[in-house]
Protein chains: 2
Amino acid sequence: MSTEGAHPTTAATGRRRELLSIAAELFADRGFKNTTVRDIADAAGILSGSLYHHFDSKESMVDEILSSFQAELFAAYDEVLRSDDDARTKIERAVRLSFEAIDRHRHEVAIFQNEADFLGQQERFAYLAERNAQSRDVWITLLEDGLASGALRPDLDVELTYRFIRDTVWVAVRWYRPGGKLTHTDVADQYLTILLDGIAHA
Amino acid sequence: MSTEGAHPTTAATGRRRELLSIAAELFADRGFKNTTVRDIADAAGILSGSLYHHFDSKESMVDEILSSFQAELFAAYDEVLRSDDDARTKIERAVRLSFEAIDRHRHEVAIFQNEADFLGQQERFAYLAERNAQSRDVWITLLEDGLASGALRPDLDVELTYRFIRDTVWVAVRWYRPGGKLTHTDVADQYLTILLDGIAHA
DNA sequence: TACAGTACCAAGCAATTGCTTGGTTGGGCA
DNA sequence: TGCCCAACCAAGCAATTGCTTGGTACTGTA
C-alpha cells in the first residue's frame, strides 16, 4: 500500500531496470508504436507475457523511462539556475549539461524527442508538455539575463534564439554516439564556439 | 505497359494527388506506422479498401510522397551549386532554400525527418540514404569553398559545422507553421544572423 | 521442511492491422 | 444506345498486436 511517487514500484529490483533499459533502446531505435512487446521480450530472452509480471502495460514502460529521466535532467538545470555564475557561464553550463545528458541517456533523450508530441496528447503524459514549458522558462531566463548583462548582442530575438539553441542541442542525439571519435565535451566546445561567435570570419 | 520512371502512374489524376496530400498530413502528424489506412480513408471520406484502387500499398504512398519531394529539393540545391555566387552567398541561399522547403512542404520534410532512418532500412527506400549523402556533399562543398575563400573562420570543424547547420535548419519543421507570425524569410534571416555571427556581444 | 515471493512459461483471446475480392455507380464518348 | 472506366462500396481474411490467465521452477528465510 505504499503510494509515494508516481511509480509506486519504482524501487527497482534490478531486473526491472534491466528490462526498462532494453525497452528504452528499442523505443529509441524503432519508435514506441513500432516496437512490440514481443520485440522487448525477445531482446530480454523471455516471453512477451512475462513482461507483465514487471509492468502493467507497454505505456507504463515509456512513462517510467521518460519521467525518471526528466526528473534527473531538471534537477541539473535547477542547479545551474541557482548558481551565482555570470549569465554567459550559465548558458555555457546549460549547453554542456545537455550534451552530457545526451551522452549518458541517449535512448531517453531520443524517445523524448521523437515521441513527446504524440504521447503528450494522452492525459497520462501531460507532464511532458509541462516539462517542455519548464525548459523554455529556464532558457528564456538565461537569455534575458544575458541580454540584460550585456553578454549577448542586443538585437537577438529571444524566442527564436531559444528555439535555435534547444533544437540544435537536442537534435545531436540523432548522430552522437558515446565512445565515438568525439566526446560529448568536444561536441559541446564546437557547438558553443559556433553558437557564441558564429561561423563567419571575424 | 508504360514503364518510364519509378512511379509509372505518377501522372496524377487529381484525386491521386489529393489522397497523397491527405496521407502526407497524417504521416507527418502521427508518424507512418502510427497512421492506418483507415485513418487516411476516413480523412478522405472513403472506405479503406478504396485506397487500393489508387495505390498498391501504404508503403508506396510514402514512397511517392518522399521521392517526388526529394527530386524537387535537390534540383534546387543543384541550381545553387552551379551558380557563380561567392561562397558566403551560396551558403545563405542554401539555408534560405531549406526554410522555403519547410514552408512549402512541411509534411514532406517532417516525414523525411521522422521516418527516414527507419524506412531506410528497407531496400525500397535505399534512395533516402543516397539523398542524405548527396546533401552532405553539397554542404561540405559549400563549407570548404567558404574556408578556402576566407569567408569562414579557419578554425571550423567542417563535419561538425555541417551537422550543426543541417540539424538546425531542418528541425525547424517541428515548430514552424506557414501563415504564422513569422514568415519563413524572417526565420531564415534570424537563423543566418546567429549562424554567421553568433549570439555573443561583439 | 514448509512457505512465500520472484521470475518466468504456455496458451490463447479480442482488437486492430494492411490488404483482397467481387460487385455497384455514374459520367464521358462513340 | 451501348459501352468503358475511374472511383468507390461491402464484406471479410490472415497476420499482428497488447494483454490475460493459470500454472511452474527456483531461491531465500524461518
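Numbered from 1 within each chain, the chains take letters A, B, ... in sequence-line order. Source: prediction; values computed, not measured.
- Note: CD1 (Ile40(A)) to P (dA7(C)) measures 17 Å, nearest angstrom.
- Atom CD of Glu18(B) is separated from atom P of dA7(D) by 11 Å (rounded to the nearest Å).
- For the residue pair Gln121(A) / Arg30(B), no side-chain donor-acceptor distance below 3.5 Å is found, with atom types taken as modelled.
- Judged by distance alone, the side chains of Asn132(B) and Ser135(B) never bring a donor and an acceptor atom under 3.5 Å apart.
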remark   = Per-nt protein contacts along nucleotides 8-24 of chain D (heavy atom under 4.0 Å; B base, S backbone sugar-phosphate only, - none) come out as BBB-B----BBBB----
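- In this pair, Trp139(A) and Tyr77(A) present their aromatic rings perpendicular. The plane angle is above 60°, beyond the 30 to 60° band.
- Listed by first and then second residue, the salt bridge (Lys or Arg N to Asp or Glu O under 4.0 Å) pairs involving residues 134-145 of chain B are Arg136(B)-Glu159(B) (not counting sequence neighbours).
- The aromatic rings of Trp175(B) and Tyr191(B) lie tilted to each other, with the angle between the two planes from 30° to 60°.
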